[in-house]
Amino acid sequence: MKKEKPIGITGLGMYVPKKVLTNEDLEKMVDTSDEWITTRTGIKKRRIAQKGVPSSTLAAEAAKKALADAKLKPDQVDLIIVATITPDMPFPATACFVQAKIGAKNAACFDVGAACSGFIYGLVCAKNLISGGMYKNALVIGVEVLSSVTDWTDRNTCVLFGDGAGAAVLQEVKSGGIVSYYIGSDGTLSNLLYLPGGGSRHPASKDTLKNKLHCIKMSGTEVFKSAVRLMTDAATHAVCDANLTCKDISLLIPHQANIRIINSVRRRIGLPEEKVYLNVEKYGNVSAASTIMALCEAVKEKRVKKGDIVVLVAFGAGFTWGSVVIKW
Ligand code: COA
């Protein structure tokens with residue numbers, strides 16, 4: 001990657017709804033057990049938004065905290081990118097709703113649809129738009145209200161997902177910042193994880209409702225195998241592009257989909273457990289909000305210090321994948 005002025009994260013914030021749904025709660029809803037969910041996924045609980053509370057509400061709360069952390073006023077924000085698969089509506093962009101909620105009247109706003117890799121895709125877009133000179137102060141937000149697209153009668157999927165939001169302010173920094181990144185996709189794998197209803201292919205109808213086409217569909221085992229391969233490849237690729245090796249990683253922040261996927265990636269990369277951040281137990285899979293919420297908590301818990309090499313890595317529906325190497 002050619003030498004450019006450094007762009008880095010200068011503020012972080014996250015927000016999760018108050019309501020906690022535990023594995024024990026799920027035992028009363030579907031034929032499952034805490035033991036099954038814990039051993040297969042590492043998830044113990046997840047947060048659930050109140051009915052009718054849209055993604056933009058969660059995103060705006062996270063954004064306000066990130067702006068306060070960066071000591072920026074809303075009208076200084078000139079770009080808002082929201083990564084989500086649960087937008088408030090098909091249009092306008094959820095980023096526009098966030099703009100109105102936080103009063104960022106000088107920002108250009110758009111959403112990215114790269115599922116669980118969305119926050120990383122958003123970071124890459126914002127970094128390059130700042131590097132290109134168009135913008136100075138960007139807000140990149142990952143947010144999901146996955147409870148609104150979950151089939152609560154399907155034990156294969158309903159135990160996995162949760163709601164939440166995380167936000168990062170991206171600006172020019174004196175040193176460090178994003179040193180490399182790598183994003184990729186394979187649309188031939190789109191049938192493994194998708195939400196078929198409500199778009200132009202299957203517009204909402206009595207049939208789409210009856211057949212639950214407005215809910216997440218997933219082939220778990222196939223997703224699992226591809227996830228391990230693609231996250232390992234993405235992290236390795238980005239680390240190589242930074243002229244580093246995986247041994248240089250201070251903290252790996254993976255998409256928190258499943259503890260077994262994370263551990264397989266960790267072993268392939270050759271990292272000890274203490275160099276991988278985990279919060280999947282508390283929140284489950286929060287798709288586009290996952291890596292940014294994990295980064296927020298890692299920083300809050302002082303797991304990241306100045307000069308550290310932090311690697312975000314994710315995969316998701318599409319398939320999409322991506323990794324960003326940040327010198328903190
Ligand atoms: N409780 C109890 N049993 C369940 C269950 C649940 N919540 N969900 C599925 N099962 C059952 C299935 O019905 C199946 O039963 P059968 O064999 O009688 O048909 C069996 O468990 C499947 O077991 P197994 O094949 O051992 O599951 P697994 O080890 O593949 O784990 C997942 C299932 C979904 C946890 C795992 O495949 C996974 O995490 N995949 C990736 C999902 C993901 O990360 N998606 C998001 C990507 S961004």
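Order of appearance sets the numbers: ligands from 1, and atoms from 1 within every ligand.
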Close N/O pairs between ligand 1 and protein, under 3.5 Å:
residue, atom, partner, partner atom, Å
ligand 1, 1 (N), T32, OG1, 2.7
ligand 1, 3 (N), W36, NE1, 3.4
ligand 1, 3 (N), R155, NH1, 3.4
ligand 1, 7 (N), T32, OG1, 3.0
ligand 1, 7 (N), R155, O, 3.0
ligand 1, 8 (N), R155, O, 3.4
ligand 1, 13 (O), R155, NH2, 3.0
ligand 1, 23 (O), R40, NH1, 3.3
ligand 1, 26 (O), R40, NH1, 2.4
ligand 1, 29 (O), R260, NH2, 3.0
ligand 1, 31 (O), R260, NH2, 3.3
ligand 1, 37 (O), G220, O, 3.3
ligand 1, 39 (O), N258, ND2, 2.7
ligand 1, 40 (N), G220, O, 2.9

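L209 belongs to no multi-residue hydrophobic cluster, having no ILVMFWY side-chain contact under 4.5 Å with any other such residue.
Here the side chains of L58 and V53 are in contact, with some heavy-atom distance below 4.5 Å. For the pair V304 and Y277, the minimum side-chain heavy-atom distance is 4.5 Å or more.
A donor-acceptor distance shorter than 3.5 angstrom exists from the side chain of D111 to the backbone of T94, with no hydrogens or angles considered.
Here E61 pairs with K64 in a salt bridge; the nearest charged N to carboxylate O distance falls below 4.0 Å.
A side-chain donor-acceptor contact under 3.5 Å links E144 and T86.
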